[in-house]
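Here the structure is a predicted model, which means the values were calculated and not measured. Residue numbering restarts at 1 for every chain, and letters A, B, ... go by the order of the sequence lines.
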Amino acid sequence: MSKHELPKAYDFRATEPRVYEMWEKGGYFRPRNDPNRPGFDPNVLPFVISIPPPNVTGELHLGHAMRVSMEDLMIRYNRMKGIPTLWLPGSDHAGIATQLMVERHLLKTEEVTREELGREEFVKRTWDWKKKYGGIISSQIRRLGASCDWERERFTLDEGLSRAVREAFVRLYEKGLIYRGPRLINWSPGLKTAVSDLEVEYSEEQATLYYFKYILKDSDEFIPVATIRPETILGDTAVAVHPEDERYKRFIGRTALVPMLGREIPVIADDYVSREFGTGALKITPGHDPNDYDIAQRHHLPVISVLDEAARINENGGPYQGQDRFECRDKLWADMKTAGLVIKTQPYTTTLPRSQRGGEIVEPMISTQWFVEIEPLAKAALEAVKDGRIRIVPERFEKVYYNWLENIRDWCISRQLWWGHRIPIWYCPAGHMTTGRADPTQCGTCGSTRLTQDPDVLDTWFSSGLWPFSTLGWPDETPDLKYFYPTSTMETAYDILFFWVARMIMFGLEFTGQVPFETVYLGGLIRDEHGRKMSKTYGNVIDPLIVMDELGTDALRFTLLVGSAPGNDMNLSVKKVEANRNFANKIWNAGRFVVSAINSLPVVPRHMPPDDTADEWTLADSWIWAKLQQLTRDVERLFQGFQYGEAGRQIYEFFWSDFADWYVETAKLQLQDESIRQKTAATLARVLDASLRLLHPFAPFVTEELWGHLHGAILESPIADLARDWPEALIAAPWPEPRPIEGWEESKVSDFMLLQEMVRSIRNLRAEKNVSPARRLPATIMGGGKTSLIHEQGVTLAALAGLDPSQLTISAELDKKPEESVVLVTGPVEIHLPLTGMVDLEAESARLARELAEAESQIHRLEQLLRSDFAARAPASVVQKEREKLVAFRQTAERIRAQLK
RNA sequence: GGGCGCAUAGCUCAGUUGGUUAGAGCGUCUCUCUUACACAGAGAAGGUCAGGGGUUCGAGUCCCUUUGCGCCCACCA
């Protein structure tokens, strides 16, 4: 194999690592305009993306693959446009997820719990774990071809970002926007920590509704009450009824007795109680229900907590102390039954709050936690989208965003975990709180030096919320922060709009006074081929690493990027990836053909006209070039509108159908003609070059590799001038601009289309009549007004349609119809194919009659259309198009009628 | 209870300023190993664009409505 010969199939396994290394070593991922390097120009606007940081110990899944592919597409496109780009990578410490993982691991391998290890040792072990496995996700992101600047990689727990977290906390604290206090929060008994509202998921489940009697003191009377959680009876501090309820009105103000405990509680009246629902009476458990908590506030009722951190009954539960909540539920109910307090139970469907991480039922509990007063932040964040400083794509998510921010509640930011940013608050024995940018040595209030730090850590999303600027050096005014902030586009999935995007906007505005990014692009989620969520239980999970191993990264990327619209979920199947692996191979082979065409050019260069004049161009050259310009314009328009998928689809179609199926096939003939051989090779090279540039953001590896071969081949050929100003690598090549062609006529396109029509109709007939593909048919063509075109394109036509060029008769008119032949009519052209022995006259006239009928019905339709208001009201170009169609159909009909005579 | 999305060929989906015979991939059927590619080429079958109504010269595309599916938010025991 000579050095120019390329392997027959694209070898992605060998190519991908090599190409990626070339890019990374070549420094292509670094911003072209870097504030930390000489020659920096602060006036050139950069394009910046901060990566949504994956969990540091996570493994790549299709969601990551989708995000990374999309971001890489945006980055590569902008880089090729000559814009300085920065894509800043990194990872998230992911408090709960990582802690759970390490806990599980320690339990399995060493049979120790984190409590047994102690906090310091456990945190150390988790850092060890991070050091060992933290690099995996980065290397997997590299495999996807991600062109991020690894020199700027960050981690939410690294020193700089921890300083940013500290600064953010202190600022909010000093401003009075962070407070600590007992509130009703969501408690995860499994994880033994508070979680935020967002970390609770509600699922509709089958439960039981328990009806029982609330006995009134010194009486036989009772109020019937229903509950889903009987164990919370132990924490009841009132029974509430509607003030207007005739059934219970008389009980208001009396005293009821808590079952089994005998505690005395008042019967109160509150509008909140719905008379129609359940029994119309409500037990009030302020310690374990948010509504009850509100009612209790209105009525100044005491709040009793009956659960401990593991959701066991505490000392307030009397004889039930120490029992698990569900155990207590059964025992208490059994006891109540014995005591005659039970009315009935009934199955009931309700929504249960479950922990997003642990999956167990979350308990509302009174607990002392840290909160961010969110309203002022939310207001600013709302404003930023409303006034257009931030644009959300697709637009419909703006409404979702508004709705959430308008109803937002204070954010519980403390977690009873060990892995994370510890809350920078120190307590002295007197209970004073001291904070500071540096660890304090004495109490800010009383001067005590006996300080202990708050044991809790911050919600992971607190640090992620700072990501777009903390990664650039904030709170320091670093050159990076000054130049790259605000970032350009935040590309992420819609499911973390609240968790992350909204919080970044709030924090960005609060701490930097600027929006953290200008555009939010929300992508969809990946589902299996039938739209089901991928889950290990279903067994329908597709592992992107395996897919890349088997079909190549480009195939996976192209599949993810093409064929779904912004904000819409995507159903993925391996079959789709296979189809795109085939496309990668198609690119490779078309390229292989072009490279070999260039390599075999005679060494003596011929005169070559400049790129953009239509002189010396064949019909096919003009046509493909025009198509390419149109494509370039369309792709640009689609990219501007974030329609990346549609853009990719159009490039695919152009490359496969127009370039490979038609132009390359035509070029094979042109290459045999010495006089236009070089020109043809040049056109092949130009169109391939532009195609590879357009495809590069979608499929970076195969395009880079092939482009390298193309580049090399051109430079060593007589058409070397073509590639004179090309850069070393495609990743750094300029994005194609549409170029007007001097002297080019629209008619070239329609002429080529007529040629295509003729070829198709001949091929169609051959297939119908089972004419062997090897058999070259003679033909007599009557060209009418297109005779000179057909003369000129006879060889091409013959080759593409399998005609015998030496037995091709072309004339403007025919005196008489050839014997024993089949006629094909396309517009003004008649093609007579003598198929001796195969012509069934009756069948032929039937076929022609059908075609005539079809043409006539089209003529009728078009005539009506053009007689209607359409002609007057539609734009001239649209009307003109229809007129041309009418003319063509009339010609066809006329020709067919002549045949039928 | 609010809000949003989806419904287009057997399957999975494109189709974004409304432009007039609705596209792709996979699958199916027929031919072909034609010197870039069988991970291919050529040809074919297959759709009342969920139902109904409206706006318009013109609707898969805009408006209203019905049905089915999915998602998000929300404190009804």
Side-chain angles (χ1 to χ4, degrees), chain A residues 6 8-10 202 209 225-229 232 240 272-274 276-285 289-294 348 350-351 364 394 396-397 399-400 403-404 407 494-495 497-498 524-525 529-531 551 555 559 562-565 567-573 575-576 578-597 637-638 641-643 645-646 649-650 652-653 656-657 660-661 664-665 668 760 763-768 770-774 802 854 857-858 861-862 865 868-875 877-879 881-882 885:
Chain A
L6 305 180
K8 201 166 172 175
Y10 169 54
Y202 293 85
L209 194 54
V225 173
T227 180
I228 289 172
R229 299 182 294 158
T232 62
Y272 171 79
V273 182
S274 147
E276 293 74 35
F277 194 86
T279 64
L282 186 58
K283 64 189 273 304
I284 304 298
T285 320
D289 186 287
N291 300 312
D292 295 5
Y293 184 80
D294 290 344
Y348 186 71
T350 187
T351 49
R396 67 184 132 94
F397 285 104
K399 211 165 163 182
V400 183
N403 193 268
W404 187 71
N407 299 295
Y494 63 74
D495 62 340
L497 178 62
F498 306 143
L525 275 27
E529 61 182 314
H530 297 292
L551 300 166
T559 309
V562 176
S564 78
N568 287 5
D569 292 351
M570 161 173 217
N571 295 357
L572 188 96
S573 67
K575 286 211 158 170
K576 284 190 193 174
E578 272 171 18
N580 287 317
R581 182 269 322 261
N582 295 353
F583 181 52
N585 191 243
K586 189 75 186 179
I587 298 171
W588 180 256
N589 273 292
R592 216 156 66 91
F593 173 78
V594 175
V595 167
S596 78
R637 178 177 53 79
L638 290 164
F642 301 94
Q643 304 295 307
E646 177 62 9
R649 213 210 88 242
Q650 290 195 18
Y652 177 103
E653 210 168 274
W656 202 314
S657 308
D661 287 346
V664 167
E665 289 310 310
K668 284 176 184 172
R760 285 197 191 102
R763 284 173 176 172
N764 182 323
L765 185 91
R766 295 175 66 116
E768 257 175 36
N770 282 321
V771 178
S772 153
E854 169 62 18
S857 93
Q858 291 298 333
R861 184 181 66 84
L862 288 164
L865 181 68
S868 72
D869 288 355
F870 169 77
R873 302 213 188 189
S877 63
V878 176
V879 178
K881 247 166 76 186
E882 298 309 309
K885 277 188 208 165

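- Among the atoms of the strands shown, only primed sugar atoms or phosphate atoms (P, OP1, OP2) are found under 4.0 Å from some heavy atom of A/Asp661.
- RNA chain B contains the following stems of three or more consecutive Watson-Crick or G-U pairs, with both distances under 3.5 Å: B:1-7 with B:67-73, B:10-13 with B:23-26, B:28-32 with B:40-44, B:50-54 with B:62-66.
- A/Phe583 comes within 4.0 angstrom of no nucleic acid atom, judged by non-hydrogen atoms across all strands.
- With RNA chain B read from its 5' end, the first of the two nearest nucleotides for A/Asp869 and A/Phe498 is the one closest to A/Asp869.
- Within the 4.0 angstrom heavy-atom criterion, base atoms lie near A/Glu665.
- Scanning for side-chain hydrogen bond (donor to acceptor under 3.5 Å, both in side chains) contacts around A/Arg229 gives A/Glu363, with sequence neighbours left out.
- Between A/Val878 and A/Phe870, the closest side-chain pair of non-hydrogen atoms falls below 4.5 Å.
- The base of B/A40 lies outside donor-acceptor range of the side chain of A/Lys586, with no N or O pair under 3.5 Å.
- Nucleic acid contact class of A/Leu865 (heavy atoms, under 4.0 Å, all strands): base.
- Of the candidates B/C57, B/C37, B/C72, the closest approach to any side-chain atom of A/Phe870 belongs to B/C57.
- For B/C64 and B/U28, the C1' atoms lie 41 Å apart once the distance is rounded to whole Å.
- When rounded to the nearest whole Å, the span between CZ of A/Arg229 and P of B/C75 equals 14 Å.
- A close approach under 4.0 Å does occur between a side-chain nitrogen or oxygen of A/Trp656 and OP1 or OP2 of B/G41.
- To the nearest 0.5 Å, atoms CG (A/Leu638) and CD (A/Glu646) are separated by 6.0 Å.
- Taking atom P in both B/U17 and B/G43, the straight-line distance is 30 Å, to the nearest Å.
- Put simply, the side chain of A/Phe583 does not reach to within 4.5 Å of the side chain of A/Thr559, judged on heavy atoms.
- Among the protein residues, A/Gln643 comes within range of the nucleic acid bases, having at least one heavy atom under 4.0 Å from a base atom.
- To the nearest angstrom, C1' of B/C71 lies 11 Å from CG of A/Asp495.
- Residue A/Pro773 has its side chain nearest to B/C31 when only B/C31, B/A77, B/C39 are considered.
- Residue A/Ser573 places no side-chain N or O under 4.0 Å from the OP1 or OP2 atom of B/C11.
- At the heavy-atom level, A/Ala774 lies nowhere under 4.0 Å from the strands shown.
- Distances from the side chain of A/Ala579 to the nucleotides B/C26, B/C37, B/A77 place B/C26 closest.
- Using a 4.0 Å heavy-atom distance criterion, A/Tyr202 is classed as making no nucleic acid contact.
- Using a 4.0 Å heavy-atom criterion, one finds that A/Ser772 contacts no nucleic acid atom at all.
- The side-chain contact (heavy atoms from CB on, under 4.5 Å) check on A/Thr279 picks up A/Tyr211, A/Pro224, A/Ala226, A/Tyr248, A/Ala281, with sequence neighbours excluded.
- The same atom, P, is picked in B/C71 and in B/U66; the two are 22 Å apart, to the nearest Å.
- Comparing B/A36, B/A24, B/U20 by their nearest atom to the side chain of A/Phe593 picks out B/A36.
- Put simply, A/Lys576 has no side-chain N or O that comes within less than 4.0 Å of OP1 or OP2 on B/A24.
- Following rounding to the nearest Å, A/Arg861 (CZ) and B/G19 (C1') show an atom-to-atom distance of 12 Å.
- Nearest-nucleotide assignment on RNA chain B puts the 5′-proximal partner with A/Arg396, out of A/Arg396 and A/Ala874.
- Here the side chain of A/Glu653 is nearest to one of B/A24, B/C26, B/A14, namely B/A24.
- Nucleic acid contact class of A/Gln858 (heavy atoms, under 4.0 Å, all strands): base.
- Nucleotides B/G68 and B/G27, compared at atom P, are 35 Å apart to the nearest Å.
- To the nearest whole angstrom, the two P atoms, one in B/U16 and one in B/C75, are 38 Å apart.
- An OP1 or OP2 oxygen of B/A40 is reached within less than 4.0 angstrom by a side-chain nitrogen or oxygen of A/Asn582.
- Rounded to a whole Å, the OH atom of A/Tyr494 is 13 Å from the P atom of B/G5.
- For A/Lys8, the listed nucleotide lying nearest its side chain is B/A38; candidates were B/C57, B/A38, B/A77.
- Distance check on atom C1': B/A44 versus B/C4 gives 42 Å, rounded to whole Å.
- Between A/Asn764 and B/A44 there is a side-chain polar atom (N or O) within less than 4.0 angstrom of OP1 or OP2.
- As judged by a 4.0 angstrom heavy-atom cut-off over every strand, A/Tyr348 is placed among residues touching the sugar-phosphate backbone only.
- Between the P atoms of B/U61 and B/U56, the separation comes to 16 Å (whole Å).
- Distance from the side chain of A/Tyr272 is smallest for B/C76 among the nucleotides B/C76, B/A36, B/G19.
- Close to B/C4, at under 4.0 Å from its OP1 or OP2, lies a side-chain N or O of A/Lys399.
- The side chain of A/Ala590 lies closest to B/A36, out of B/A36, B/A77, B/C4.
- Taking A/Pro773 as the reference, nothing meets the side-chain contact (heavy atoms from CB on, under 4.5 Å) condition, with sequence neighbours excluded.
- Distance A/Leu497 CG to B/C72 P: 13 Å, rounded to the nearest Å.
- Taking the C1' atom of each, B/G15 and B/A24 are spaced 10 Å apart, rounded to whole Å.
- A/Lys586 forms no cation-pi arrangement with A/Tyr652, by the criterion of a distance under 6.0 Å to the ring centre and an angle within 45° of the ring axis.
- Here A/Asn589 lies in heavy-atom contact (under 4.0 Å) with a base.
- No side-chain donor-acceptor contact under 3.5 Å links A/Asp292 and A/Tyr272.
- At the heavy-atom level, A/Arg592 lies under 4.0 Å from the strands shown only through sugar-phosphate atoms.
- In this structure, A/Ile228 and A/Leu209 have side chains that are in contact, with non-hydrogen atoms separated by less than 4.5 Å.
- Atom-to-atom, OH of A/Tyr293 to C1' of B/A77 comes out at 19 Å; the value is rounded to the nearest Å.
- Residues satisfying the side-chain contact (heavy atoms from CB on, under 4.5 Å) test with A/Val400, not counting sequence neighbours, are A/Phe397, A/Leu497, A/Phe498.
- Listed by chain and number, the residues in a side-chain hydrogen bond (donor to acceptor under 3.5 Å, both in side chains) with A/Asp289 amount to none (sequence neighbours excluded).
- Residue-level contact check: A/Ser274 touches the bases, meaning some heavy atom is under 4.0 Å from a base atom.
- Looking at heavy-atom distances under 4.0 Å, A/Lys575 makes contact with sugar-phosphate atoms alone, never a base.
- At least one donor-acceptor pair closer than 3.5 Å links the side chain of A/Asn589 to the backbone N or O of A/Lys8.
- Comparing B/A14, B/G43, B/C73 by their nearest atom to the side chain of A/Ala767 picks out B/G43.
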